[in-house]
Amino acid sequence: MSGSSHPVIQLGFDLLKEKSIESHLLEEYREAFSLLDIDISTGLKLAGLRSIFSDPTDSTTAANYYLPCKLDPKTINYPDQDVEPSDFENVRPPKTCSQNLLVQLERYGSFVATSADQQIPVYDLFKSVAAVHDCLGLKQCDQESDKKCLLVGCDFSGIQDTVYTISSKGALKTLRARSFMLEMLTEHIIYEILNLAKAERHAVIYSGGGGFGLLLPNDCELKGKIEDYGEILNRWVFVEFEGRLFIALDVIPFDKEELRSEKLFKKLRQTQADNLDRLKRRKFIDQLGTLFTPSMPEQLTTRAECQITHRDDLSDEKMFDINEPGKFRCMSSVPVNEREDDQYLWVSESCYHLFMLGDKLIEAEHICRYTSGIDRSKKELHGTLVLPGIETRNVYYTVTEVAGVIPEAQWAINAWDQEIVLLYANYVRKHGDLSFYAQKQEDESLKKDGGPAAKSKDTATFEGLASSSCGADLVGALRMDVDNLGNLFSSIGNIGQLSTRSRMLNLFFKVYLNQICRNRETDILNKTGSETLAWGKPGRNVSIIYAGGDDLFIVGAWDDTIELAFDIHKVFSGFSYGRPESDGGISGGLTLHQPKFPLYQMARLSKEAETYAKNDDDGDGQQRKNRISLFYDHSKLHRKKRIDRHCQSRYMLSMEWALAYAFLLPLMKVYRRCSLPVFNATERKKIDVDKFSFG
């Protein structure tokens, strides 16, 4: 399956080169364009792209435009041009472009529109038209109806339980790898279904946030084959994740005219959303017998169960030691009387490979797909993902190419130079990025736990991140989520708009977020000043656990996570310029923890804090969003409940961003002025508590 070699994609590419296309060249695809409400009677010309979040019917909002430029993962493009651009030289592709056209159309056609609709980028428009045209060109559709289109929807249920319910053993690297595995599982399912339908990548309407949507021709028996694959997937996830994860997969045949009518298209999307919800409420209905059949555990002691997920249902042959990962030592090879020795740390086979994958992801540039020729016992293939296929039982994904075996497909991470692009929030702090002081503290912690010394490229531990803080050695857990996302998508009237908004949100949370973490726009504690060595290499002392769709989860030094929250809010406000104020913006919750605090509890408490930020009020009973809840814990919640209800508004669990900017940031500047100086690179700045009045 290639990225796309569709003639409509070629037309979009030609438009970028020539700046206009005459109507007779588009005539063959007139019906597909008309179904997306695009008039091609006078041809198409390049035009400035307006903010995709603004309401085109709102005359009071200024028509701000994006700067026409090619996609660059290190440059955030805001819709801040108040005059429509007329120079499109920066989006003209080179004369010789050997790479896949769809990928290059995305690279050069993401921030420029057409004269027919200035809120849909060239890339999303021509990609959508190509998908619609494929449906119209179907000669023989499903025998049960004459509906030529299939809308395929997928939604993952139980992501939180799947990702965050692990112990503290290798928590950061395992958790990052587990969230990446879910990202790759989404891509894997898309790839399998597109292969099954003999379709290309332009059929992907959206992908991200634990789900995707495809527009496919309603070919004979395709609907049943996709539903059969859904059963294969759920049998696999039921065993692999013990019923925590469920994959809802829904396929709806529909008539082309439902694409033309905004009302009918919204109804179609709502029908699929209802179907997916119904499937999630009845998940694993075919496995009820297994669920309610009692069984004895395979591993009878807490030292022999998986030390990451605490699974005890796996046989000795499926348990491996991560204390010496290079040996790939199976429990069955160790005498029974020695298995609980301190030198062994037993985990399931999948957790073993995820643990190995965690560090490899830091510098990974490509993901390779293989269906054969893989031996995961080899040291260089430790960290290989195995996912269920349709035609082959196992499909393997590695972050490096396997010698002597040609990959079936490759994904480029945040780079537009392969047939498939994988957007992934991959910012992570490494041991070698930390200050000398934090590295020393991290090494001492690892030594105390009996683990090997950290290497420069290893993922920084909680101890290392906490030691990078100014003041107390605490870890900050930050969760943020876009407000009223349903309102943002409920107004969408066609596939082109759906593709545009979902892709732009993915661009922000999976690509731009990396750059926000690398920079330090808010630097209250002066970590980029003359004492940079004391804080380690440039960049924030944080690691992204998960980011995609419309939310994120980040952990790191407590002061860095606070400043990062303000940076994310500022950048998102600029990026989503033109969005109605009634829809809010982005809300977040941040909690503080000791380094040894379980990671899944950090995730739970920071989610609670985020929920209060989305449902809090200022004492008048009216819920307000676009807020931040900082330093939330249960003691504050109980304290507020004990206060007289008439005075509860004085005790805030969250506050509006404007108040946070006016109150909290100046307070942190006071802390900075009371800090003790750093004398050398092996020490760090501390706060002189004696300068504060505890009254």
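Residue indices begin at 1 and follow the sequence shown.
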Without swapping roles, check the side chain of [X] against the backbone of [Y] for a donor-acceptor pair under 3.5 Å.
X: S51; Y: Y577; value: yes
X: S654; Y: R627; value: no
X: W657; Y: I586; value: yes
X: W558; Y: A466; value: no
X: R479; Y: G588; value: no

pair [X]-[Y]: side-chain heavy atoms closer than 4.5 Å:
X: R178; Y: T309; value: yes
X: M480; Y: D551; value: no
X: L172; Y: I545; value: yes
X: L605; Y: D633; value: no
X: F509; Y: L423; value: no

Notebook entry, point to check: Do K173 and F355 meet the cation-pi criteria used here (NZ or CZ under 6.0 Å from the six-membered ring centre, within 45° of the axis)?
Noted result: yes
Item checked: Derivation of the side-chain hydrogen bond (donor to acceptor under 3.5 Å, both in side chains) call for W411 and E187 -> CA-CA 9 Å; W411 282 255; E187 281 294 316; 2.8 Å; yes
Margin query: Check the orientation of Y661 and H569. Use parallel for under 30°, tilted for 30 to 60°, and perpendicular for over 60°.
Written below: tilted
Note to self: For E305 and R311: C-alpha separation, side-chain torsions, deciding distance, then whether salt bridge (charged side-chain N to carboxylate O under 4.0 Å, His left out) applies.
What the structure shows: CA-CA 6 Å; E305 68 182 14; R311 289 187 66 173; over 6 Å; no
Check: How about F553 and Y546: are their ring centres within less than 6.0 Å of each other?
Finding: no
Margin query: Is it the case that the ring center of Y206 lies less than 6.0 angstrom away from the ring center of F212?
Written below: no
Item checked: side-chain hydrogen bond (donor to acceptor under 3.5 Å, both in side chains) evaluation trace for D560 with N541 -> CA-CA 6 Å; D560 270 320; N541 295 303; 3.2 Å; yes
Note to self: Rounded at 0.5 Å granularity, tell me how far OG in S350 sits from CE in M181.
What the structure shows: 7.5 Å
Notebook entry, point to check: Between CZ of R50 and CD1 of I52, what distance do you get to the nearest 0.5 Å?
Noted result: 12.0 Å
Notebook entry, point to check: Under 4.0 Å between a Lys/Arg side-chain N and an Asp/Glu carboxylate O for K447 and E444?
Noted result: no
Next item on the list: Report the residues that fulfil side chain to side chain contact (heavy atoms under 4.5 Å, CB included) with A609, sequence neighbours left out, ordered by chain and then residue number.
Entry: T591, S629, Y632
Check: Mind checking what makes side chain to side chain contact (heavy atoms under 4.5 Å, CB included) contact with N77, not counting sequence neighbours?
Finding: Y66, L67, C69, F111, Y512
Checklist line | Steps toward side chain to side chain contact (heavy atoms under 4.5 Å, CB included) verdict (T162, V237) | finding: CA-CA 10 Å; T162 305; V237 298; over 6 Å; no
Checklist line | Closest non-hydrogen atom pair between I413 and A364, with its separation | finding: CD1-O, 3.7 Å
Notebook entry, point to check: How far apart are the C-alpha atoms of T459 and D359, what are their side-chain angles, what is the distance that settles it, and do they pass the side-chain hydrogen bond (donor to acceptor under 3.5 Å, both in side chains) test?
Noted result: CA-CA 6 Å; T459 304; D359 286 332; 2.8 Å; yes
Next item on the list: Show your working on side-chain hydrogen bond (donor to acceptor under 3.5 Å, both in side chains) between R503 and S110 and close with a plain yes or no.
Entry: CA-CA 10 Å; R503 187 175 64 86; S110 286; 2.9 Å; yes
Margin query: As a quick check of understanding, evaluate side chain to side chain contact (heavy atoms under 4.5 Å, CB included) for L385 and F180, giving each step before the final call.
Written below: CA-CA 10 Å; L385 294 178; F180 174 80; 4.1 Å; yes
Note to self: Checking side-chain polar atoms at under 3.5 Å, does H634 have a donor or acceptor matched by the opposite partner on E608?
What the structure shows: yes
Item checked: side chain to side chain contact (heavy atoms under 4.5 Å, CB included) between K510 and E183, intermediate numbers included -> CA-CA 11 Å; K510 293 186 177 182; E183 296 274 359; 2.8 Å; yes
